[in-house]
Amino acid sequence: MKRERIHSAGPSITEAEVAAVTDAARNGWYSNFRDCLTAFEKEFCEYTGAKYAIATSSCTTALHLGAAALGLGEGDEVIVPDMTWIATVSALMYEGVKPVFVDIDPDSWTIDPDKIRAAITPRTKAIVPVDMYGHPSDYDAIRKICDEFGLILYADSAPAVGSLYKGKSTAMYADAACYSFQGAKMMATGEGGIFVTNNEELFKRAEFLVDDGRDESERTFWIKEIGFHYRMANLLAALGRAQLARIEELVEIKRNQYRMYHERLGSIPGIKMFLEKDGCRVNSAYPSMVLEGEFATDRDGLRKELRARKIDTRPTFPHVSAYPMFETVDSKVAKHIATNGINLPTPAYIDEEDADLICDNIKDILGV
Ligand SMILES: *Cc1c(COP(=O)(O)O)cnc(C)c1O
């Protein structure tokens, strides 16, 4: 074996990133204290096509910032998929919003638009679709429902930097969207996120809230309203810029990993690979598989045995409404994927030899 172990995830960091961060550590102070941040926000707008962006300390804080700026709060219901990372929901709940869970589509693992209408009530204010593991949500169908009922479309695109829906970034279909740069995501700043929108008024409101609710036009340090302290550090923006400059290369690395896994596992009955629907480019940030039929009995046993063989994987997220603070919804698809899904290893270094090792071990443990 070439390595101590195969990790479940990890970014591709080159000398370019090291040089960018070193430069910011040396020079990104005094009059330059925000240069990387401003440039990163501008470059992220250019990449996604969005008009405005605010880089934040995480995607969770970006999601919360947006929820506050959109005026979501006490008494509002927001429709979310019953499979996502908890941040989608906690960011809304920080503002007092009640999440309403809807099951997901069995192929894209994103919210099933056909099941949304039944969840709408007079209190519904927004739909927050999640581009799960980088698969774009069905934006055309969701937009249609939002327009029909006058709802806000607020996208949790945390894992979807580089994913495209009908050739455009997911941000272009939502009233606002958030992305993550956490260390295991498509591009990494360690911790970090970004809020994007094409709506100038919304941007201004978020821009006001992100810096503690200051109104410097009145006087220095004058706080007009209680806000947040959620801005990304300049040093991390330097890293973000260097990663963003390589984003198409990074997406290619992940899509190639998906190809390697699909070639080795895709035709085994009882293993269902996470797919890419027509009209979408999935960034393949998390190549995944679901155990079906006779294999759908012991996902955790398989993961444990792989770990013993020094191969780390991740289980798919539990379905959110199963957590103790919620009333559990019978989301059949989300439950099935939560119980039987595995994110295959996605560290940037995976090569054909690693893929052989990983897939041979999976096949050996499953007995195929
Ligand atoms: C990772 C993730 C988040 C949270 O991102 P952070 O940057 O870690 O706060 C939110 N939603 C989804 C769907 C995610 O995958």
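Whatever order the structure lists ligands and atoms in, that order sets their numbers, starting from 1.
- We find that Lys98 and Asp76 are not joined by a salt bridge, their nearest charged nitrogen and carboxylate oxygen being 4.0 Å or further apart.
- Note on Asp312 versus Arg5: salt bridge recorded, some NZ/NE/NH1/NH2 to OD/OE distance being below 4.0 Å.
- For ligand 1, the 4.0 Å heavy-atom shell takes in Ser58, Cys59, Thr60, Thr84, Trp85, Ala87, Thr88, Val130, Asp156, Ala158, Pro159, Ser180, Gln182, Lys185, Gly192, ordered by chain and residue number.
- Under the 30°/60° scheme for interplanar angles, the aromatic rings of Tyr165 and Tyr173 are found to stand perpendicular.
- Closest approach of Met83 and Ala338 over heavy atoms only: CE-N, 3.5 Å.
- By the 30° and 60° cut-offs, the orientation of the rings of Tyr133 relative to Trp109 is perpendicular.
- A cation-pi arrangement is absent between Arg314 and Tyr286, since the terminal nitrogen or guanidinium carbon is not both under 6.0 Å from the aromatic centre and inside a 45° cone about the axis.
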